[in-house]
Amino acid sequence: MTKKERYIRFIDYFSLHQPNAQTELNYNNPFELLVAVILSAQCTDKRVNLVTPNLFNKFPTPSSLAQADLADVFDCIKSISYPNNKAKHLIGMAQILVTEFKEIIPSDVSLLQKMPGVGRKTANVIASIIYEAPTMAVDTHVFRVSKRLGLSNGKTPLAVENDLTKNIPNDKIRIAHHWLILHGRYICTARNPQCGKCPIQGMCIFFGNRKGDIKLF
DNA sequence: ATCCCGAGGG
DNA sequence: CCCTCTGGAT
């Protein structure tokens, strides 16, 4: 099966069976999504969703978060990974949002990355979800699953991003991001991937080549 | 011991 | 390129 055929199989299957895939982060507005995505670094969405209700209640706006005490923000998020770094990032992000962006989250990826805690992946998520831009955010799931399915053999997240963006039609890029995330989270997991439950194992490079071990890639 | 929707700094 | 940040689940 050629690479192009794998892309077609991948897109056709999920277009039919997961036409409404979306993020599992809870949020009610763009600002809350930005906060949630920053918190999601190296942390499961479920754990992020555990702390955001209280966080959003205490700091509902960019200005309230910009003026927050570090210790108070830390206390809200101390049960997730890197709470100290993330607390600093959240406050710094809110301050730039207030002082430079007039409390309006930019749509431009490079402008988004001017905010602390917002790297390429987070910027792509915001551009895609909030502004409906055809950007592919490559996180650990997208990176791993893309390689296993033979959609890309890029050695860096950026290389995989460019590969996916080039080969997926523009109108499918946004939802393809969520297909890859959800497939990686529930089926094509890093450890003990559930290949027996995988509906597209027929197009998978990884399946059939693994020797009882998951360390093929 | 390894992984989770990474980012910043050296 | 590397390293550090760093809590909870498996």
Side-chain angles (χ1 to χ4, degrees), chain A residues 14 18 21-27 30 32-52 54-55 70-71 73-97 109-130 133 135-149 151-152 154-161 164-165 173-194 206 210 212-217:
Chain A
F14 284 108
Q18 293 191 35
Q22 58 182 320
T23 181
E24 294 184 328
L25 289 169
N26 296 334
Y27 68 99
E32 290 188 1
L33 178 65
L34 178 55
V35 170
V37 177
I38 289 174
L39 292 179
S40 72
Q42 294 296 295
C43 185
T44 60
D45 283 6
K46 287 182 180 177
R47 295 214 63 78
V48 173
N49 289 336
L50 234 43
V51 305
T52 44
N54 182 43
L55 185 66
L70 179 61
V73 178
F74 177 90
D75 193 60
C76 287
I77 64 172
K78 61 187 177 188
S79 66
I80 68 174
S81 54
Y82 314 136
N84 197 39
N85 280 346
K86 287 174 179 176
K88 292 175 183 172
H89 289 161
L90 288 182
I91 295 174
M93 173 274 286
Q95 289 174 344
I96 289 185
L97 206 45
V109 168
S110 58
L111 278 180
L112 282 163
Q113 291 182 86
K114 285 181 174 292
M115 295 184 283
V118 181
R120 186 173 186 89
K121 175 254 170 181
T122 299
N124 280 335
V125 170
I126 298 301
S128 172
I129 295 181
I130 301 301
T135 56
M136 173 59 70
V138 177
D139 58 36
T140 181
H141 292 309
V142 174
F143 189 74
R144 178 184 66 253
V145 175
S146 295
K147 297 174 75 146
R148 285 183 178 170
L149 292 180
L151 300 178
S152 175
K155 300 193 183 309
T156 66
L158 181 57
V160 172
E161 176 188 328
L164 294 173
T165 303
I173 289 179
R174 296 176 62 234
I175 195 167
H177 165 70
H178 292 115
W179 290 336
L180 291 164
I181 294 272
L182 296 173
H183 191 60
R185 184 176 300 160
Y186 297 113
I187 304 289
C188 195
T189 50
R191 289 177 296 192
N192 301 316
Q194 308 295 302
F206 181 69
R210 50 191 289 216
D213 183 43
I214 65 169
K215 285 292 184 186
L216 186 59
F217 292 93

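Chain letters run A, B, ... following the sequence lines, proteins first, then strands; residues in each count from 1. Because the structure is predicted, anything quoted here is derived from the model rather than measured.
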Asker: Between A:Asp45 and A:Gln113, who's closer to the 5' end of DNA chain B by nearest nucleotide?
Answerer: A:Asp45
Asker: Using the P atom as the reference point in each nucleotide, state the distance between C:dT6 and B:dG9 in Å, no decimals.
Answerer: 14 Å
Asker: Which whole-number value in Å describes the distance from A:Lys114 NZ to B:dA7 P?
Answerer: 17 Å
Asker: Return the CZ to CD1 distance between A:Phe74 and A:Ile77, rounded to the nearest 0.5 Å.
Answerer: 7.5 Å
Asker: Between B:dC5 and A:Arg47, is there an OP1 or OP2 to side-chain N/O distance shorter than 4.0 Å?
Answerer: no
Asker: Base, sugar-phosphate or nothing for A:Ile80? Non-hydrogen atoms, less than 4.0 Å.
Answerer: sugar-phosphate
Asker: Considering only atom P, compute the distance from C:dT4 to B:dC5 and round it to an integer number of Å.
Answerer: 24 Å
Asker: State which of B:dC5, C:dT10, C:dG8 makes the closest approach to the side chain of A:Thr44.
Answerer: B:dC5
Asker: In whole angstrom, what separates A:Glu32's CD from B:dC5's P?
Answerer: 20 Å
Asker: Just how far, in rounded Å, is P of B:dC5 from CG of A:Asn49?
Answerer: 11 Å
Asker: Per the side-chain contact (heavy atoms from CB on, under 4.5 Å) rule, which among A:Leu158, A:Asp139, A:Val142 passes with A:Lys121?
Answerer: A:Asp139
Asker: Among the candidates C:dG8, B:dT2, B:dC5, find the nucleotide nearest to the side-chain atoms of A:Arg191.
Answerer: B:dT2
Asker: Using a 4.0 Å heavy-atom cut-off across all strands, classify A:Lys46 as base, sugar-phosphate, or nothing.
Answerer: nothing
Asker: Could you please spell out the steps behind the side chain to side chain contact (heavy atoms under 4.5 Å, CB included) verdict for A:Tyr82 and A:His89?
Answerer: CA-CA 11 Å; A:Tyr82 314 136; A:His89 289 161; over 6 Å; no
Asker: Specify the separation, in whole Å, of atom CD of A:Gln194 and atom P of C:dT10.
Answerer: 13 Å
Asker: To the closest 0.5 Å, what do you measure between NE2 (A:His183) and OG (A:Ser146)?
Answerer: 10.5 Å
Asker: Could you measure between the two C1' atoms, the one in C:dC1 and the one in B:dC4, and give it in whole Å?
Answerer: 24 Å
Asker: Donor-acceptor pair under 3.5 Å: do we get one between A:Thr140's side chain and the base of B:dC3?
Answerer: no
Asker: Going from CD1 on A:Ile96 to CG on A:Leu112, what distance comes out if it is rounded to the nearest 0.5 angstrom?
Answerer: 11.5 Å
Asker: For A:Ser40 and A:Gly117, find the nucleotide of DNA chain B closest to each by heavy atoms; which residue's nucleotide sits nearer the 5' end?
Answerer: A:Ser40
Asker: Rounded to whole angstroms, how far apart are CZ on A:Phe74 and C1' on C:dC5?
Answerer: 12 Å
Asker: Might you point out which heavy atoms bring A:Cys43 and A:Ser81 nearest each other, and give the distance in Å?
Answerer: CB-OG, 3.4 Å
Asker: Specify the separation, in whole Å, of atom CG of A:Leu33 and atom C1' of B:dC5.
Answerer: 11 Å
Asker: Could you tell me if the side chain of A:Phe14 sits less than 4.5 Å from the side chain of A:Leu182, heavy atoms only?
Answerer: no
Asker: Name the closest nucleotide to the A:Thr122 side chain, picking from B:dC4, B:dA7, B:dC5.
Answerer: B:dA7
Asker: Provide, to the nearest angstrom, the distance between the CD atom belonging to A:Gln42 and the P atom belonging to C:dT4.
Answerer: 15 Å
Asker: Describe the nucleic acid contact of A:Val118 in one word from base, sugar-phosphate, nothing, applying a heavy-atom distance below 4.0 Å.
Answerer: sugar-phosphate
Asker: When you measure from the side-chain N and O atoms of A:Arg120 to the phosphate of B:dA7, is any distance below 4.0 Å, counting only OP1 and OP2?
Answerer: no
Asker: Can you measure A:Glu24 atom CD to B:dC4 atom P for me and round it to whole angstrom units?
Answerer: 14 Å
Asker: Below 4.0 angstrom, which residues in residues 81-93 of chain A have at least one non-hydrogen atom near DNA chain B?
Answerer: A:Tyr82, A:His89
Asker: Would you confirm whether A:Arg144, through its side chain, and A:Gly184, through its main-chain N or O, come within 3.5 Å as a donor-acceptor pair?
Answerer: yes
